[in-house]
Amino acid sequence: MTHLTEAERQDLADGSAPAERARALESHVAGCAGCAADVERLRAVVARLRSAPEPNDNVDTMWPAIRDRIERGKLASLPAPAARRARTWRQVWIGGGAAAAAVCVVLLLEVQPHEPAGQPPPAGHTVPNGQPGVQPISDTAGESQADVQRLLDEIELEKAMLPPATAAVADSDLRVIDRAIAELKDALARDPNNPALRQMLADSYRQQQDLLRRMHNAS
Amino acid sequence: MRPDRGFAGPVALLSAIAAVACAFLCAAAGASAQREPPRLRAQHLNPSAPVKVFFPTGAIRVQAWDLDSIEALGTIARGERFYLAGDARGVKVGVMDHADGTPVRPSAVLLMVPRRSQVSVKSVSASIGGRDASGWFYSVSGPIRLTGAASSIDVESMAGDVALDVTAPWVRARTGGGRLAIAGAPEDLDAATVRGALEVRRAAVARGRFVSVDGDITFEGAPPAGAVFEFSNHAGGVALVLPDSASALVDLSTITGTIANGFTQVRPVAGQGGRGGALHLRLGLGAARMTVRTFKGTITLARQSP
């Protein structure tokens, strides 16, 4: 026996087959349990589809709620800034590792400059979650952490081979970056949703990661 | 720029040596050079073969040519060992480092490589020069200067100055305390320093990201239509020096710094507690987009001298 094609079964199920053609198909279904079961299944699907409420096709009304959920899921608290103190090389590396770990909880956001001309937002303005003007730009925290940790592990072993002058330069650069990170974290503690601060903090972490890579190459 | 504590002495000496070596190499590379430096080695090399170079001190210049071979010209310091090893699929070139850690005497080498070669050049204090060469260039403290056209450029230095005047679809440049100067036409540019100045002057950049922690950033020139630039600095300043004809949407914001608008009469809006500020401007038709953020560095918008 030749069974109905997929298109014929679907046409029969949703009632789109012309009357004469539908009668011929129905006569086949009457004598074919396989096709009858499949047509019945398709009719049930069609019925459920038709009984479902009309989808809201206005993306503009759906998007704010979706964005709210995304942004709520992204927020996380930052660790309190560590006390400043003179550090040894080992502490510098450990500090770098801790800072890199903080990358995991930093949201990389940037402000979309869509404010109307002449009405700029105040500096360091807080943009509430889900409000226009906030755009996620990247989230590679896991990769960054693993990468920095690998570099730290390797450099810990290799740093003894670094020329003293190179080590001094790297130490100086690391201190500059550490200081910037500490200041940014302090500012973020006061204004945790400031996207410009978060972007700059992300840039500082990236600088630290780049510096560790260059250190690795130097050794 | 702050003085470089660790390298100040050695760098001065090595820079002098490098300058002499560079002068020698430039003369060597010139078409009209009458006395060609000695040929150290030459061999066949596939057009896109990788070339790995280690050159600790002195001056190394890499120049691309349209031949399927590699040639090394120059002089090697007495007692040092030059090597060029490998086959047509790839080579390693350079001067051997000393296993006992004693300083390597400076040498000067001009390396001609196939245009499509991807070079990987690493130096300690040697100056690196490149013309039409693509690939990765790294120095600890030596200056790096690249010119010409390349398929991609990745430059890194711990503390050396970096100067790029290249045409390339992709350029990445990093230095710590050195000065980073960029010109030419790097289409997609990612440039960063830690303490060194970052200067972009009259460069045809389509997409640019300029970051520093403590160094001043200066952008001078007209942003092309459709260009997207991001500037981020922590304590250093950011200066945009634009021509009267500039067409861009400019967004400036600083957390605790100041904004000096020397381009229009619009004043920045003060931030929370009167600290910091923000300024949004549309210059001309707003064909490019320039975003500047600093934490405490000063942002300056100025007119370019005609």
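Labels below follow one simple rule: chain letters A, B, ... track the order of the sequence lines, proteins then strands, and each chain is numbered from 1.
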* Would A:D210 and B:R172 satisfy salt bridge (Lys or Arg N to Asp or Glu O under 4.0 Å), going step by step from the backbone distance to the final call? -> CA-CA 11 Å; A:D210 282 344; B:R172 177 179 176 275; 3.2 Å; yes
For [X] and [Y], work out which heavy atoms get closest and say how close.
X      : Y      : result
A:A170 : B:M158 : CB-CE, 3.6 Å
A:R214 : B:S157 : NE-O, 3.2 Å
B:S212 : A:Q207 : CA-NE2, 3.8 Å
B:G177 : A:D173 : N-OD2, 4.0 Å

Is it the side chain or the backbone of [X] that comes within 4.5 Å of chain A heavy atoms, both, or neither?
X      : answer
B:T294 : backbone
B:Y138 : side chain
B:T193 : backbone
B:T175 : backbone

* Heavy-atom side-chain contact between B:I255 and A:M200 under 4.5 Å -> yes
* Quick one: NZ on B:K296 to CD on A:E183, what's the gap to the nearest 0.5 Å? -> 3.5 Å
* Asked: Roughly how far, to the nearest 0.5 Å, is CZ of A:R179 from CG of B:D214?
  -> 6.5 Å
* Structure fact -> From the list B:S139, B:G176, B:G257, the residue making the most non-hydrogen contacts under 4.5 Å with chain A is B:G176
* Asked: Stepwise, does the salt bridge (Lys or Arg N to Asp or Glu O under 4.0 Å) test hold for A:D203 with B:R209?
  -> CA-CA 11 Å; A:D203 287 337; B:R209 193 163 172 281; 2.4 Å; yes
* To do: Tell me, with the steps shown, if A:V169 and B:R195 meet side chain to side chain contact (heavy atoms under 4.5 Å, CB included).
  => CA-CA 11 Å; A:V169 167; B:R195 292 174 291 131; 4.1 Å; yes
